Amino acid sequence: MMQYLWAFLIGGAICTIGQLLLSLTKLTPPRILVLFVTLGVLLGAIGVYEPLVRFAGAGATVPLTGFGYTLAKGAIEAVRSDGLIGAFTGSLKAAAGGIAAAILFGYLGALFGKPKTKY
């Protein structure tokens, strides 16, 4: 039960930071998205994000910082096994499942959703 609580609290804290950035700064949502993914890559590359993932599980891997962490981890592991080419291929191999799911569910949402024009 504590794992669920920590996942909720850590994931909620990451989302709260995003909401504060939206509310208190002039950063646009796409810039915050890029900031979070980049932050996840940097923290993953220097080894800071890994302990957070072990501690909070999905609370740290589901937000955008977790996507960045997955990209960094995939690239680092692929460089170790495949050399320099792994820096280019490892990230995509590590994140392919999530990317494919996002495309599939985005397509299904567009296919079955009823868009409304905002005025």
Side-chain angles (χ1 to χ4, degrees):
M1 188 66 172
M2 288 302 292
Q3 287 178 319
Y4 295 117
L5 178 64
W6 282 117
F8 175 78
L9 291 175
I10 298 298
I14 293 170
C15 293
T16 300
I17 292 168
Q19 185 60 52
L20 288 171
L21 288 172
L22 275 172
S23 299
L24 302 176
T25 69
K26 293 185 179 189
L27 290 174
T28 60
R31 289 179 188 233
I32 294 171
L33 180 145
V34 170
L35 175 70
F36 272 34
V37 172
T38 304
L39 188 62
V41 169
L42 292 174
L43 293 176
I46 62 174
V48 174
Y49 209 76
E50 178 74 27
L52 186 63
V53 168
R54 282 195 304 260
F55 177 72
T61 58
V62 171
L64 289 170
T65 49
F67 180 68
Y69 160 75
T70 300
L71 294 174
K73 184 176 178 183
I76 291 167
E77 290 175 359
V79 165
R80 288 185 183 136
S81 64
D82 302 333
L84 184 59
I85 193 71
F88 302 103
T89 61
S91 296
L92 293 176
K93 285 181 185 176
I99 293 169
I103 291 170
L104 173 67
F105 290 116
Y107 176 76
L108 291 174
L111 189 64
F112 297 111
K114 294 184 184 187
K116 297 178 182 175
T117 305
K118 292 183 179 181
Y119 295 101

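As the structure is a prediction and not an experimental result, all values here were calculated from the model.
- With hydrophobic clusters built from ILVMFWY side chains whose heavy atoms lie under 4.5 angstrom apart, Ile103 shares a cluster with Val37.
- With sequence neighbours excluded, no residue forms a salt bridge (charged side-chain N to carboxylate O under 4.0 Å, His left out) with Glu77.
- Between Val41 and Ala72, the shortest heavy-atom contact is O-CB, 3.5 Å.
- The structure places CG of Asp82 at 5.5 Å from NZ of Lys93, a figure rounded to the nearest 0.5 Å.
- Residue Ser81 holds its OG atom at 12.0 Å from CD1 of Ile76, rounded to the nearest 0.5 Å.
- Of all the heavy atoms in Gly86 and Ala78, the pair that sits closest is O-CB, 3.4 Å.
- Annotation: the span from Leu43 atom CG to Thr38 atom OG1 amounts to 10.5 Å, rounded to 0.5 Å.
- The side chain to side chain donor-acceptor pair (under 3.5 Å) pairs that include a residue from residues 3-13 number zero, where partners must be two or more places apart or lie in different chains.
- With hydrophobic clusters built from ILVMFWY side chains whose heavy atoms lie under 4.5 angstrom apart, Ile99 shares a cluster with Val34.
- We find the CG-OG1 distance between Leu42 and Thr65 to be 12.0 Å, quoted to the nearest 0.5 Å.
- Residues Leu71 and Ser91 share a closest heavy-atom pair of O-OG, 2.9 Å.
- Atom CG of Leu21 and atom OG1 of Thr16 lie 11.0 Å apart (nearest 0.5 Å).
- Contact between Ile14 and Pro63 at its shortest, heavy atoms only, is CG2-CB, 3.7 Å.
- One hydrophobic cluster, built from ILVMFWY side chains closer than 4.5 Å, holds both Leu39 and Tyr49.
- The two residues Pro29 and Leu22 come nearest to each other via the heavy atoms CG-CD2, 3.8 Å.
- Note on Phe36 and Leu24: separate hydrophobic clusters, where clusters join Ile, Leu, Val, Met, Phe, Trp and Tyr whose side-chain heavy atoms are under 4.5 Å apart, directly or indirectly.
- Minimum heavy-atom separation, Ala87 to Ala75: O-CB, 4.2 Å.
- Partners of Arg80 under the salt bridge (charged side-chain N to carboxylate O under 4.0 Å, His left out) rule, at least two apart in sequence or in another chain, do not exist in this structure.
- Cluster annotation: Tyr69 and Leu33 are assigned to the same hydrophobic cluster (Ile/Leu/Val/Met/Phe/Trp/Tyr, side-chain heavy-atom contacts under 4.5 Å, transitive).
- Here the OG1 atom belonging to Thr25 is positioned 5.0 Å from the CD1 atom belonging to Ile32, to the nearest 0.5 angstrom.
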